[in-house]
> 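Let me give you the structure first, and then I'll get to my questions.
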Amino acid sequence: MPLVSQRVPDDGGCSLVASLDNVRNLSTVLKAIHFRDHATCFATKNGIKVTVENAKCVQANAFIQAGIFQEFKVQEEPVTFRINLTVLLDCLSIFGSSPMPGNLTALRMCYQGYGCPLMLFLEEGGVVTVCKINTQEPEETLDFDFCSTNVINKIILQSEGLREAFSELDMTSEVLQITMSPDKPYFRYKISLLKPSTKALVLSCKVSIRTDNRGFLSLQYMIRNEDGQICFVEYYCCPDEEVPDSES
């Protein structure tokens, strides 16, 4: 049992308890959606979803399944709170982004409920650090209503190919047009909204690109962590301009 597990107070009153032998399996996925300071966390018995949004035009979701953790308990679901993601990532890397050879940073995370801070107990090489991060009232997140039955284009490809394509783009341009079919409609997206998704692209091994009949874009990234487990990150992005009904 990791030392950190032995030093944490009784968690019987906690709404959420989660333990990891390797904190990088969490921090890596969270970095993939870190393009704003604050995030909303939703925890159920299936795992944790962390959501980041910007200007009601783009949304990123990181899905960390319960099976990623060595211990994962949710007393009453869903557990929801808003947190400063920048501060959380700083705390998760408090021992440094690269552990000493042979050492891993273990994590135990406890949240007692509404109004309480998120407690982090991190241990590496016998040294334990305790962090308290204030939580906030969760804000209502956008519902992009991206339904599979309305998908009109879908491509699944190895991430390497898309990384090469993105590396050749002029990121100073204002918009990017994506054509996945010889038939209209074609859609344009603000490059400024797509830029954050390249963080997930760099970490991923596969990506699914979908557009629906409204022109909304979904980018689903499959990310394999250091233990070979799979997590998913999804970006939603709205089109830059309205498409005339005659082209829809």
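Predicted model only: the values in this text are computed from it and were never measured. One-based numbering along the sequence shown.
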> Return the set of residues passing side-chain contact (heavy atoms from CB on, under 4.5 Å) with Val202 (not counting sequence neighbours), or none when no residue passes.
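Once residues adjacent in sequence are excluded, Val202 has no partner under the side-chain contact (heavy atoms from CB on, under 4.5 Å) criterion.
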> Are Gln59 and Thr51 packed together at the side-chain level, in the sense that at least one heavy-atom pair is separated by less than 4.5 angstrom?
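Touching, per the 4.5 Å side-chain cut-off.
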> Which atom pair, heavy atoms only, marks the closest approach of Gly215 to Pro239?
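Looks like O-CD, 3.5 Å.
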> With the 4.5 Å side-chain cut-off for hydrophobic clustering, are Ile191 and Tyr221 part of the same group?
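Linked, Ile191 and Tyr221 end up in one cluster.
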> Keeping the roles fixed (side chain from Thr135, backbone from Cys116), state whether a donor-acceptor pair exists under 3.5 Å.
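Between the backbone of Cys116 and the side chain of Thr135 there is a qualifying donor-acceptor contact (under 3.5 Å).
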> Mind listing the closest non-hydrogen atom pair of Phe72 and Thr44 along with its distance?
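Residues Phe72 and Thr44, closest heavy atoms: CE2-O, 3.0 Å.
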> Side-chain contact test, heavy atoms from C-beta onward, threshold under 4.5 Å: evaluate it for Glu76 versus Ser15 and give yes or no.
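Result no, sub-4.5 Å side-chain heavy-atom pair not found.
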> Check whether the side chains of Asn134 and Gln136 place a donor and an acceptor atom closer than 3.5 Å, and report yes or no.
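Looking only at side-chain atoms, Gln136 and Asn134 do not form any donor-acceptor pair under 3.5 Å.
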> Under the side chain to side chain contact (heavy atoms under 4.5 Å, CB included) criterion, do Asn150 and Arg214 qualify, and how do the steps go?
CA-CA 8 Å; Asn150 295 329; Arg214 303 167 301 166; 5.9 Å; no
> Starting at CG of Leu92, measure out to CG of Asn25 and round the result to the nearest 0.5 Å.
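Reported value, rounded in 0.5 Å steps: 11.5 Å.
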> Is it true that Glu123 and Arg108 have a side-chain N and a carboxylate O under 4.0 angstrom from each other?
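Answer for the salt bridge query: no.
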> More than 12 heavy atoms of other residues, nucleotides or ligands under 6.0 Å from CD of Gln65: is that the case?
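More than 12 within 6.0 Å, yes.
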> State, to 0.1 Å, how close Ser159 and Val207 come at their nearest heavy-atom pair, and which atoms those are.
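Closest pair (atom of Ser159, atom of Val207, distance): OG-N, 3.8 Å.
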> How would you list, by chain and number, every residue that makes a side-chain contact (heavy atoms from CB on, under 4.5 Å) with Lys199, sequence neighbours excluded?
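If we apply the side-chain contact (heavy atoms from CB on, under 4.5 Å) test to Lys199, skipping adjacent residues, the hits are His34.
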> From Glu137 CD over to Phe81 CZ, what is the distance, rounded to the nearest 0.5 angstrom?
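Taking CD in Glu137 and CZ in Phe81, the distance rounds to 13.0 Å.
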> Side chains of residues 229-238: which donor-acceptor pairs under 3.5 Å do they make with residues two or more places apart or in other chains?
from   : atom 1 : to     : atom 2 : distance (Å)
Gln229 : OE1    : Asn225 : ND2    : 3.1
Gln229 : NE2    : Gly67  : O      : 3.4
Glu234 : OE1    : Tyr236 : OH     : 2.9
Glu234 : OE2    : Arg210 : NH2    : 3.2
Glu234 : OE2    : Ser218 : OG     : 2.9
Glu234 : OE2    : Gln220 : NE2    : 2.9
Glu234 : OE2    : Tyr236 : OH     : 3.4
Tyr235 : OH     : Ala32  : O      : 2.7
Tyr235 : OH     : Pro196 : O      : 3.1

> Apply ring-ring contact (aromatic ring centres under 6.0 Å, His included) to Phe63 and list each qualifying residue two or more places apart in sequence or on a separate chain.
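Partners of Phe63 under the ring-ring contact (aromatic ring centres under 6.0 Å, His included) test: none.
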> Looking at every heavy atom in both Pro138 and Thr40, which two are closest together, and how far apart are they?
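Nearest heavy atoms, Pro138 then Thr40: CB-CG2, 4.2 Å.
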> Please tell me if the side chains of Met119 and Met109 come closer than 4.5 Å, counting only heavy atoms from C-beta onward.
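Heavy-atom side-chain distance check fails, nothing below 4.5 Å.
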> State plainly whether one hydrophobic cluster holds both Met222 and Ile64, where clusters connect Ile, Leu, Val, Met, Phe, Trp and Tyr through side-chain heavy atoms under 4.5 angstrom apart.
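Each belongs to a different hydrophobic cluster.
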> Examine Leu157 and Leu217 and state if one hydrophobic cluster contains both, with Ile, Leu, Val, Met, Phe, Trp and Tyr joined whenever side-chain heavy atoms are less than 4.5 Å apart.
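Looking at the clustering, Leu217 is in the same group as Leu157.
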> Can you list every salt bridge (charged side-chain N to carboxylate O under 4.0 Å, His left out) pair that touches residues 217-227, not counting sequence neighbours?
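Listed once each, the pairs are Arg24-Glu226.
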> Would you indicate whether the side-chain heavy atoms of Asn61 and Ile33 approach each other to under 4.5 Å?
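No, side chains not in contact.
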> Please identify which of these residues, Thr211, Asn213, Asp212, meets the side chain to side chain donor-acceptor pair (under 3.5 Å) condition with Asn153.
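Option passing the side chain to side chain donor-acceptor pair (under 3.5 Å) with Asn153: Thr211.
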> Check ring-ring contact (aromatic ring centres under 6.0 Å, His included) between Phe216 and all other residues, then give those that pass, not counting sequence neighbours.
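So Phe216 forms a ring-ring contact (aromatic ring centres under 6.0 Å, His included) with Phe144.
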> Let me confirm one number: the OG-CZ distance from Ser192 to Phe35, rounded to the nearest 0.5 Å.
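Between Ser192 OG and Phe35 CZ, I get 11.0 Å after rounding to 0.5 Å.
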> What I'd like to find out is whether the side chain of Ile209 reaches to under 4.5 Å of the side chain of Leu162, using heavy atoms alone.
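The answer is yes; the side chains approach within 4.5 Å.
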> Check whether any side-chain N or O of Arg163 sits under 3.5 Å from a backbone N or O of Ser204 as a donor-acceptor pair, and report yes or no.
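Indeed, once roles are kept as given, a pair shorter than 3.5 Å links the two residues.
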> Hey, any chance Ile83 and Phe42 share a hydrophobic cluster, counting ILVMFWY side chains that come within less than 4.5 Å of each other, even indirectly?
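No, no single cluster joins them.
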> Decide side chain to side chain contact (heavy atoms under 4.5 Å, CB included) for Lys31 and Leu89; before the verdict, give the C-alpha distance in whole Å, the side-chain angles of both, and the deciding distance to 0.1 Å.
CA-CA 8 Å; Lys31 286 176 183 176; Leu89 284 169; 3.9 Å; yes
> Once rounded to the nearest 0.5 Å, what's the spacing between atom NZ of Lys49 and atom OG1 of Thr80?
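Lys49 NZ to Thr80 OG1: 9.5 Å, rounded to 0.5 Å.
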> For the pair His38 and Arg82, evaluate side chain to side chain contact (heavy atoms under 4.5 Å, CB included) and give the outcome as yes or no after the intermediate values.
CA-CA 7 Å; His38 288 84; Arg82 192 166 185 256; 3.4 Å; yes
> Val79 and Tyr111: side chain to side chain contact (heavy atoms under 4.5 Å, CB included), yes or no, with the steps?
CA-CA 9 Å; Val79 174; Tyr111 174 66; 3.5 Å; yes
> Find the distance between CG (Leu201) and CG (Leu194) and round it off to the nearest 0.5 Å.
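One gets 11.0 Å once the value is rounded to the nearest 0.5 Å.
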> Please report the closest heavy-atom contact between Ile133 and Leu88, naming both atoms and the distance.
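Taking every non-hydrogen atom into account, CD1-CA, 3.7 Å.
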> Can you tell me how far the CG atom of Leu122 sits from the CD1 atom of Ile94, to the nearest 0.5 Å?
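It is 7.0 Å, given to the nearest 0.5 Å.
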> Looking at Lys206, is its backbone amide N or carbonyl O close enough to the side chain of Gln158 to form a donor-acceptor pair, meaning the two atoms are under 3.5 Å apart?
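Looks like no, no N/O pair under 3.5 Å.
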> Do the side chains of Leu104 and Val23 get nearer than 4.5 Å, heavy atoms only?
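No. Closest side-chain heavy atoms not under 4.5 Å.
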> Check whether any side-chain heavy atom of Phe121 lies under 4.5 Å from a side-chain heavy atom of Leu107, and answer yes or no.
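No, side chains not in contact.
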> Specify the closest pair of heavy atoms between Gln75 and Cys14, including all atoms of both residues, with the distance to one decimal.
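Reported closest heavy-atom pair: CG-O, 2.8 Å.
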